[in-house]
Structures are given as C-alpha cells and as structure tokens.
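What follows is a set of notes on a single structure, which appears directly below.
Since the structure is predicted, the reported quantities are computational estimates derived from the model, not experimental observations. Protein chains get the first letters and strands the later ones, always in sequence-line order, with residue 1 at the start of each.
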Number of protein chains: 2
Amino acid sequence: MVMENPHQTNVVKGALHERGLRMTPQRISILSLFHNSSSGDHLSADDVHQRLTQNETPMSLSTVYRTLHLMSQMGVLRELELAEDHKHYELNPRSDESHHHLVCIRCTKTIEFKSETMQKVGEKVAKGSGFALLDCQLVIHALCPVCQRSM
Amino acid sequence: MVMENPHQTNVVKGALHERGLRMTPQRISILSLFHNSSSGDHLSADDVHQRLTQNETPMSLSTVYRTLHLMSQMGVLRELELAEDHKHYELNPRSDESHHHLVCIRCTKTIEFKSETMQKVGEKVAKGSGFALLDCQLVIHALCPVCQRSM
DNA sequence: TACCAATTGCAAATAATTCTCAGGTATCCG
DNA sequence: CGGATACCTGAGAATTATTTGCAATTGGTA
Ligand SMILES: [Mn+2]
Ligand SMILES: [Mn+2]
Ligand SMILES: [Zn+2]
Ligand SMILES: [Zn+2]
C-alpha cells in the first residue's frame with residue numbers, strides 16, 4: 001500500500017540536506033501518504049497519524065506534528081485553516097495546478113475550485129515586496145444552501 | 001475615548017434582532033473598538049480584552065470570545081488566520097474596500113494589499129455553488145526579505 | 001412594571017499543539 | 001574503523017487558545 005514517489009522524495013531530500021536536515025523513514029512515510037491521497041483529501045494531524053497506523057508505518061503523534069510543520073515551512077505541504085478548530089494539510093500544488101477553497105462555516109462542507117489569476121496575483125504581490133512565495137490561498141467563507149435554510 | 005458609529009451599530013442591532021439576539025453594552029463596546037481602530041490593526045481576543053480594559057469598558061474574556069465569534073458568523077467581523085497560533089480579527093471590509101494579506105511565516109510581518117479581482121472571483125464562485133458569501137480572503141504565505149537572508 | 005429568554009462572569013474543562021528529555025542513529029572525520 | 005557531533009524520535013507532561021457549565025443578571029417587550 002505504501003508507494004513512494006521517488007522523484008518528489010529526492011527533491012525534498014535535497015532541500016532537507018541544504019538545511020542540514022535528514023530524510024528519515026518517518027518523513028518518507030508521511031510524504032508517501034500525501035502522494036497517495038486524492039485531491040480534496042484535507043488531512044488533520046490526527047488523520048495522518050491514524051492512516052499511518054493503518055498503513056503499518058505507525059509513529060508518534062509528536063513526530064507527525066513536527067513533520068507537518070517542517071514540510072509546511074519548506075513549502076512541500078500547505079497548511080489549511082478552514083472552518084474547524086484544527087489545521088488540515090495537503091500537498092502544496094504546483095503553480096499550474098493551484099486550487100482554492102470555498103467553505104461553509106456552519107457544516108464545514110468544502111469545495112475546491114481553480115483560478116489561474118489567483119496564483120498570478122500572489123506571485124506579483126510577493127515579488128513586489130521582495131517576499132519569497134511559499135503558498136497562496138484564497139479562502140471563501142460562506143453558508144452552503146442547506147445551512148442557509150436551517151437558520 | 002469611546003466613540004460610537006451609530007449607523008453601523010444600528011445595522012448590527014437589526015441583524016441581531018432578526019435572530020432573536022440583543023445589542024448589549026459589551027457588544028457595543030467591542031464594535032466601537034474595531035470602528036476606532038485603524039486599518040491594519042489585527043486584534044487577537046486578548047488584544048481586544050486588554051484594550052477594553054484600558055478604555056474603561058472591561059468585560060470578561062469569555063464575553064470577548066463569544067462576541068468575536070458571533071460577529072464573525074454574522075459577517076460583521078472577519079477572522080484572520082495569519083502565521084500565529086491564535087486568531088486575529090478586523091472589521092469585515094465592504095466589498096469595495098476589501099483587502100488581503102501577505103504574511104511572513106517566520107517573523108509574522110504582515111502587509112495588506114488590495115485587489116478588486118479577488119472579490120469578484122469570490123462572489124462568482126460562491127454564487128456558482130449557491131453559497132451565501134460572508135468573507136473572501138487571499139492569504140499569501142511567504143518569507144520576507146529579512147528572513148530570507150537569515151536562513 | 002413584570003416576565004423570560006438571552007447574556008454575562010467566573011471557573012473549570014477541553015483540545016490542539018508544543019515542549020522536554022533520554023535514548024537512538026545518520027553523517028562526517030581522522 | 002571508532003568517536004564526536006548533530007539530528008531525530010517516542011512518550012508523556014506542559015502549554016495555551018478557546019469553549020463550556022452554571023448561577024446571577026439584564027434587555028426588550030407586553
Ligand atoms: Mn484542497
Ligand atoms: Mn487587514
Ligand atoms: Zn453548510
Ligand atoms: Zn520575516
């Protein structure tokens with residue numbers, strides 16, 4: 001069940017080395033998990049932890065948190081703050097496949113959508129201020145049709 | 001020091017009544033605080049609590065949390081998830097003055113910028129799925145020039 | 001003015017995330 | 001090949017933002 005993505009793994013390994021960090025079995029397992037998830041899977045730290053356990057690659061929840069944080073800092077993962085009380089993660093999409101989220105603040109139903117302009121705006125704004133872009137996300141908070149009725 | 005904004009206050013009062021809720025002194029104080037803040041002031045629950053105390057309108061921190069949450073649900077305030085471990089709030093800007101945030105994930109330096117297209121995209125996407133728009137925010141995570149050097 | 005649901009303050013509870021630290025392990029060097 | 005060093009992990013405790021339960025209070029209305 002654990003299928004690796006050698007290319008991406010090596011790219012990350014290189015980035016880790018540049019910082020004096022290492023590619024460990026735990027980090028490989030977490031990256032594989034995300035590579036094998038379908039788009040639209042937004043995983044919490046706990047989700048990741050549970051799936052790893054099912055996948056025969058259990059590890060400490062602390063390590064999961066540490067890895068998710070590190071990978072987000074490196075721009076490999078993307079941290080989503082949707083309408084829940086905890087963070088969710090997904091692979092940080094390549095600029096040509098970037099997508100964004102429309103989320104109901106009441107039932108947390110989430111819809112992904114694409115928009116090329118967004119990424120361009122992000123790149124332009126970041127460059128304009130001399131910032132190095134890591135992730136650019138539009139979040140639309142709204143009420144879904146169902147929740148609009150039940151108010 | 002506490003100057004009210006009668007118009008906006010009445011609008012909110014009406015919206016509260018529609019839900020069977022009340023306009024209390026505490027809610028008025030919190031709204032006034034935001035109306036008297038300058039753009040770019042992103043206040044945490046604790047910031048709000050401290051400023052209210054200075055303003056001679058102290059109240060319980062629970063009430064602050066409850067009010068910030070309620071006002072966000074109503075679309076009066078806007079909840080910001082920037083690069084810190086707690087939420088920040090600001091007045092939810094009218095559609096014609098909407099703005100967005102570029103934030104350094106390392107030092108949390110935050111820059112506001114405008115972009116008309118963004119709001120339009122948000123409105124279009126929400127409508128396209130039958131959602132009722134509350135808030136639409138682009139967050140760009142990046143590294144500021146200073147932090148890029150110190151790595 | 002009396003009533004009643006909404007609201008508040010306080011303290012306790014919750015839950016996500018981080019920290020501490022001791023025991024591994026990869027990597028580098030002589 | 002060892003040994004030194006720095007990185008990494010697991011386990012659990014600690015931290016901290018936020019929520020909740022409850023009794024007392026209050027706003028808005030009849
Ligand atoms: Mn997504
Ligand atoms: Mn702002
Ligand atoms: Zn909904
Ligand atoms: Zn910075």
Side-chain angles (χ1 to χ4, degrees), chain A residues 9-10 12-31 33 42-50 52-53 56-74 76-77 79-89 105-106 108 151, chain B residues 9-10 12-31 33 42-50 52-53 56-74 76-77 79-89 105-106 108 151:
Chain A
T9 296
N10 278 335
V12 175
K13 182 168 185 175
L16 284 168
H17 279 193
E18 282 178 13
R19 308 182 178 211
L21 305 181
R22 297 165 190 168
M23 182 56 100
T24 65
Q26 287 87 344
R27 288 172 184 170
I28 291 174
S29 296
I30 290 182
L31 287 178
L33 179 61
H42 300 143
L43 306 180
S44 67
D46 215 66
D47 291 335
V48 170
H49 186 246
Q50 287 184 223
L52 289 169
T53 301
E56 315 282 333
T57 52
M59 73 188 67
S60 140
L61 185 55
S62 301
T63 298
V64 172
Y65 272 108
R66 280 187 286 236
T67 305
L68 293 177
H69 184 251
L70 175 63
M71 293 297 151
S72 300
Q73 297 275 312
M74 292 173 59
V76 176
L77 293 180
E79 206 169 65
L80 305 174
E81 306 270 12
L82 302 177
E84 292 177 67
D85 52 1
H86 54 260
K87 295 167 184 156
H88 285 215
Y89 296 82
I105 62 166
R106 198 127 183 289
T108 76
M151 294 222 65
Chain B
T9 296
N10 279 333
V12 175
K13 183 167 186 175
L16 285 168
H17 279 196
E18 282 178 13
R19 307 183 178 211
L21 306 181
R22 299 167 185 166
M23 182 54 100
T24 65
Q26 288 87 343
R27 288 172 184 169
I28 292 174
S29 296
I30 290 181
L31 287 178
L33 179 61
H42 300 142
L43 305 180
S44 67
D46 215 66
D47 292 334
V48 170
H49 186 247
Q50 287 184 222
L52 289 169
T53 301
E56 316 280 335
T57 54
M59 72 187 68
S60 138
L61 184 56
S62 300
T63 298
V64 172
Y65 272 109
R66 281 187 285 234
T67 304
L68 294 176
H69 182 251
L70 177 62
M71 294 296 151
S72 299
Q73 297 276 311
M74 293 173 58
V76 175
L77 294 180
E79 208 170 65
L80 305 174
E81 306 270 12
L82 303 176
E84 292 176 69
D85 52 2
H86 53 262
K87 294 167 183 157
H88 285 216
Y89 296 82
I105 62 167
R106 201 130 182 287
T108 77
M151 296 223 64

With side chains defined as the heavy atoms from C-beta onward, is the minimum distance between [X] and [Y] less than 4.5 Å?
{"X": "A:Thr67", "Y": "A:Met59", "result": "no"}
{"X": "B:Glu81", "Y": "A:Lys87", "result": "no"}
{"X": "A:Thr57", "Y": "A:Gln26", "result": "no"}

### Query
What nucleic acid atoms does A:Ser62 come within less than 4.0 Å of, heavy atoms only: base, sugar-phosphate, or nothing?
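Base, at least one base heavy atom under 4.0 Å.
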### Message
At 4.0 Å (heavy atoms only), tell me whether A:Asp85 reaches a base, stays on the sugar-phosphate, or touches nothing.
### Response
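The answer is sugar-phosphate, as A:Asp85 gets under 4.0 Å only of primed atoms, P, OP1 or OP2.
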### Task
May I ask you to decide if B:Arg22's main-chain N or O and B:Arg27's side chain share a donor-acceptor pair within less than 3.5 Å?
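Confirmed, B:Arg27 side chain pairs with B:Arg22 backbone.
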Separation of [X] atom [atom1] from [N] atom [atom2], in whole Å?
{"X": "A:His49", "N": "D:dA11", "atom1": "NE2", "atom2": "P", "result": "9 Å"}
{"X": "A:Leu52", "N": "D:dT9", "atom1": "CG", "atom2": "C1'", "result": "14 Å"}
{"X": "B:Leu16", "N": "C:dA5", "atom1": "CG", "atom2": "P", "result": "19 Å"}
{"X": "B:Lys87", "N": "C:dA16", "atom1": "NZ", "atom2": "C1'", "result": "11 Å"}

Looking at [X], does any N or O in its side chain come under 4.0 Å of the phosphate oxygens OP1/OP2 on [N]?
{"X": "B:Gln26", "N": "D:dT26", "value": "no"}
{"X": "B:Tyr65", "N": "D:dT18", "value": "yes"}
{"X": "B:Arg27", "N": "C:dT7", "value": "yes"}
{"X": "A:Thr24", "N": "D:dC8", "value": "no"}

### Minimum-distance nucleotide to A:Leu61 side chain [options: C:dT17, C:dC10, D:dA6]
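The answer is C:dT17.
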### Query
Counting side-chain heavy atoms from C-beta on, which of D:dC7, D:dT9, D:dT18 comes nearest to A:Leu21?
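Looking only at heavy atoms from C-beta outward on A:Leu21, the closest nucleotide is D:dC7.
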